[in-house]
Structures are given as C-alpha cells and as structure tokens.
Amino acid sequence: MARRSVPILRHLLTKPTTPTLAPANPTRSVTYMPRPGDGTPRAVTLIPGDGIGPLVTNAVEQVMDAMHAPVYFETFEVHGDMPKVPDEVIESIKKNKVCLKGGLATPMGGGVSSLNLQLRRELDLYASLVNCVNLPGLVTKHENVDIVVIRENTEGEYSGLEHEVVPGVVESLKVITKFCSERIAKYAFEYAYLNNRKKVTAVHKANIMKLGDGLFLESCREVATKYPGIEYKEIIVDNCCMQLVSKPEQFDVMVTPNLYGNLVANTAAGIAGGTGVMPGGNVGADHAIFEQGASAGNVGNQKILEKKKANPVALLLSSAMMLRHLQFPSFADRLETAVARVILEGKCRTKDLGGQSTTQEVVDGVIAALE
C-alpha cells in the first residue's frame, strides 16, 4: 500500500440519515477478515495538556475503559509554557505513531514558541482535518452543514519566521512552497474521492498575494485535473467567510493554506454547533495527533475548569477518529453512536450546548448509551 495519510481517516463521520434517531450509519466500516493479533491493544501517547485538557482527556479514558477499547495510554505532562516539547514525548509519538492531545495554551508574545507548531513540524503533520457537521438534536441557525476543512499545517504565516528590522518595524515572512501546496491539494482530492465527496473548494487571496497564494492556487488547479469526477471551485477568503455564514450548505471539502484554514475551520465549527462538538486530527504520512478540531478557546477558562463543566464531546469524537485510524472501526462506530444519542436526547449537555451538565455527567450519559 502506498504511504499516504488519507486512508487513516476514511469513513470519518458519515451523514446522519434521520433527524429523529441516533445515526444508523449505513456505510459503517466492517473488518471482515480479522487476523490473529488484530485486536491486540495499541499504545497511544496521551498529552492531557493545559486548562480543561486533563478534564476532557480523563473523560476519554473513562469511556475507553467502559468500552474495553483495545488501546492503552502512555501519559506525559506537557504544558504550553515549556520551552520545547520534551524529547521523551516526541520519541513516544514516533514509537506509537498515534497521539491523543488536550489543548496546549500558547503564550501571547514574549518569544515563546507554540508547542502545537513544534509537534506538527517535528512529526511532519502536514494536514489538519476538521469535520464541521450538524448533529441530530442540536439546534443551529443553519441546517445541512457537512463541511470538511483540510488545512495545510506546516508553512504559510505559521512558519514562525519573524524578526525586527529596526526598532518598531517587524517583518513576518509567509512561506508557500510548491511541494507543500501540491501535497495538501492531493490529500484533499484523495479524501474527497475516497469518501464520496462531490466538490473541493480552494480558499485563497491570490488577487492580492499573487505569488504566494498564486502558487497555492496553481498547485490546486494542477491536482484537480487528475480528479475529473470531483467538482473544483475557488473562492477568495473574505468572500468565503461571508458565504460560510450565509449559505454554508454550498461547501463540501475545503482546502486552504495555513492561516485561512484556522479561520475557516473555526467559522464553520461555530455555524455547525460550536467548537465543543467538532472533532479533528493533524495527520502525516507516518504519525497522527487527534485533538479538538477547532481552536480550544476555553482551554484557559478558569470558571469552566472550577465548575468542571468542560464539554468533552469534541475530544470523544476525535478519539473515535483515532479508533478508526487504528483500524478498530466497530469501536469507533459504537462511540460515535453513543455520543450522538446523548446529544439527541438532550438530557446531558454542557452550557455551550444549552444545558447545565458537568463533564462527568456527560461522560456518564455516554457510558450509559454504550450499553
């Protein structure tokens, strides 16, 4: 099998077939011919992270234990104010090839590098994938939203190349390369092809950044010619944001440079129900880190932490993605169905979803739905 990252997220989160019942998921993946040893528990590196991170990662641990899922965790203390990710953590992820992570706080200014970016660069996790989809029973302003945002994860404005030219003048470099642009475009089209998606939309600002975004757009166009069965569109990022909040159902798969993808994914997440229910993964050819899909803006929310009312749904769904990546599809299906049932019933919801439940009450609800 060719080395590529797309198959690890095949059959991600299928579209629900009915709004009144937990998703029947007619296209569930099935392992027809298990081989001896296929069910051997797999080691997963666990980084609880900062703020609410330990609370929601503990929720995942409880649910995995209740499911008797074939995984076990190697836990490491990592915090956003560390100068770098400890070597033993990198070694663990390289050995296990899979990591589940809570949010890591990124200090504002001060010259402290983001550990999230360090992990992506060190492990070459070149694709960020966020699935923004309406969940049955969760009322939102827009219906029929099912958007997959695929974001280039290693360059662009996030290259971290900044310096002070003279006092009061800072130069930040935006780096765009043909190699990375083609790689993320191929990922997006291959993802669309394997998951029966109909359209890929490239997000850009090539009307202003003619060379940098122009190169990204040129790469997307070249790759698009190899997938004639998939519709290809382009949209300028500012118009994209307007279209997202007015008519999001027009989008299917979106492929973006680094910074735009961060903005687009968070916007789409807000439209589809909020960051608390959006799963995600950062993937490469050899390694993958699963975490909350859209920015964990409440990582440092002390009030949520003190009341123990953090929403664990996003990380639970991310862990289902992880299980599918590890080729344990039946466990992934079971977990997704249980979470969907809890959301649909509406009895166990945290404040961001219109309820008053604690994290533990949501976890208890999911575990009960597993039975």
Would you call K174-E155 a salt bridge at under 4.0 Å N-O?
no
Flag, side chain of T177 to backbone of C180, donor-acceptor distance under 3.5 Å
yes
Rounded to the nearest 0.5 Å, what's the gap from CD on E190 to CD1 on I230? Could you check?
8.0 Å
Side-chain donor-acceptor pair present, S318, Q292, cut-off under 3.5 Å
no
In plain terms, say whether D352 and K309 are close enough for a salt bridge, that is, a side-chain N and a carboxylate O under 4.0 Å apart.
no
Going by heavy atoms in the side chains, are E143 and E249 under 4.5 Å from each other?
no
Report yes or no: do E152 and T154 form a side-chain donor-acceptor pair below 3.5 Å?
yes
Tell me whether M67 is reachable from V313 by hopping between hydrophobic residues (I, L, V, M, F, W, Y) whose side-chain heavy atoms are closer than 4.5 Å.
yes
Within the distance-only criterion (no hydrogens, no angle test), does the side chain of S92 pair as donor or acceptor with the backbone N or O of V89 below 3.5 angstrom?
no
Side chains of N262 and N266: is there a donor and an acceptor less than 3.5 Å apart?
yes
Of all pairs that satisfy salt bridge (Lys or Arg N to Asp or Glu O under 4.0 Å), the ones with a partner from residues 224-239, not counting sequence neighbours
K205-D238, R221-E234, E231-K233
Checking N134 side chain against V145 main chain: does a donor-acceptor pair fall under 3.5 Å?
yes
Check this for me, if you would: do D146 and R197 make a salt bridge, where the nitrogen-to-carboxylate-oxygen distance has to be below 4.0 angstrom?
yes
If you define the side chain from C-beta out and look only at heavy atoms, does anything of H325 sit under 4.5 Å from V98?
yes
Tell me whether S357 contacts the main-chain N or O of R349 through its side chain, where contact means a donor paired with an acceptor under 3.5 Å.
yes
Report yes or no: does R151 contribute a side-chain atom to a donor-acceptor pair with the main-chain N or O of N258 at less than 3.5 Å?
yes
Can E122 and K94 be said to form a side-chain contact (heavy atoms from CB on, under 4.5 Å), step by step?
CA-CA 10 Å; E122 181 74 23; K94 287 183 176 179; 3.6 Å; yes
Indicate whether the side chain of H204 and that of D213 have a donor and an acceptor atom separated by less than 3.5 Å.
no
L100-L323 co-clustered via ILVMFWY side chain contacts under 4.5 Å
yes
Any side-chain heavy-atom pair from P279 and F290 closer than 4.5 angstrom?
no
Is it true that the side chains of T45 and E74 contain a donor and an acceptor less than 3.5 Å apart?
no
Would Q250 and K247 count as a side-chain contact (heavy atoms from CB on, under 4.5 Å) here? Give the steps.
CA-CA 6 Å; Q250 68 182 289; K247 195 179 177 183; 3.5 Å; yes
Tell me, with the steps shown, if K178 and E182 meet salt bridge (charged side-chain N to carboxylate O under 4.0 Å, His left out).
CA-CA 6 Å; K178 182 78 168 177; E182 283 187 346; 3.7 Å; yes
L123 side chain reached by I289 side chain, heavy atoms, under 4.5 Å
yes
Should the pair Y187 and Y126 be assigned to parallel (<30°), tilted (30 to 60°) or perpendicular (>60°) ring geometry?
perpendicular
Mind checking who shares a hydrophobic cluster with V175, ILVMFWY linked at side-chain heavy-atom distances under 4.5 Å?
L161, L173
To the nearest 0.5 Å, what is the distance between CD1 on I271 and CZ on F251?
9.0 Å
Are L194 and V255 connected in the hydrophobic side-chain network, where two residues link if heavy atoms are under 4.5 Å apart?
yes
Nearest-0.5 Å distance, CD1 of residue I147 to NE2 of residue H142:
9.5 Å
Find out if a path of hydrophobic residues (ILVMFWY) with successive side-chain heavy-atom gaps under 4.5 Å connects V339 to F328.
yes
For the pair T337 (side chain) and R334 (backbone), establish whether a donor and an acceptor sit closer than 3.5 Å, ignoring hydrogens and angles.
no
Evaluate N96 against R42 for side chain to side chain donor-acceptor pair (under 3.5 Å), listing each step before the verdict.
CA-CA 8 Å; N96 298 330; R42 287 284 304 274; over 6 Å; no
Once rounded to the nearest 0.5 Å, what's the spacing between atom CZ of F76 and atom CD1 of I90?
10.5 Å
Is any NZ, NE, NH1 or NH2 atom of the basic residue among R324 and E336 found under 4.0 Å from an Asp or Glu carboxylate oxygen of the other?
yes
Under 4.0 Å between a side-chain nitrogen and a carboxylate oxygen: does that hold for E88 and K95?
no
Assess whether atom OH of Y193 is packed by more than 12 heavy atoms of other residues, nucleotides or ligands within 6.0 Å.
no
Exam field: side chain T225 to backbone E222, donor-acceptor pair closer than 3.5 Å
yes
What distance do I150 atom CD1 and T201 atom OG1 have between them, rounded to the nearest 0.5 Å?
11.5 Å
N282 and N116: side-chain donor and acceptor closer than 3.5 Å?
no
Joining Ile, Leu, Val, Met, Phe, Trp and Tyr whenever any side-chain heavy atoms lie under 4.5 Å apart, the cluster holding V166 also takes in V165, V169
Neighbour count above 12 (heavy atom, 6.0 Å) for K199 NZ:
yes
Does any part of the side chain of V203, heavy atoms only, come nearer than 4.5 Å to the side chain of V237, both counted from C-beta?
yes
For the side chain of T75 and the backbone of L46, is there at least one donor-acceptor N/O pair under 3.5 Å apart?
no
Separation between CD1 (I176) and CG (L217), nearest 0.5 Å, reads 11.0 Å
Do T275 and M278 have side-chain heavy atoms sitting under 4.5 Å apart?
no
Dump the intermediate steps for side-chain contact (heavy atoms from CB on, under 4.5 Å) on C99 and V44, then the final yes or no.
CA-CA 5 Å; C99 173; V44 173; 5.6 Å; no
Hey, are K347 and E361 close enough for a salt bridge, meaning a charged N less than 4.0 Å from a carboxylate O?
no
Using only atom types and a distance under 3.5 Å, with no angle test, would you say the side chain of E61 pairs donor to acceptor with the backbone of D65?
no
With side-chain contact (heavy atoms from CB on, under 4.5 Å) as the test, would you mind laying out the steps for L316 and V63 before giving the verdict?
CA-CA 8 Å; L316 286 170; V63 172; 3.8 Å; yes
Using side chain to side chain contact (heavy atoms under 4.5 Å, CB included) as the criterion, point out the one residue from N131, L129, L326 that pairs with M321.
L129
Looking only at side chains, do S128 and N153 share a donor and an acceptor under 3.5 Å apart?
no
Could you tell me if the side chain of M322 sits less than 4.5 Å from the side chain of M64, heavy atoms only?
yes
Quick one, D252 and V200 - any side-chain contact, counting heavy atoms below 4.5 Å?
no
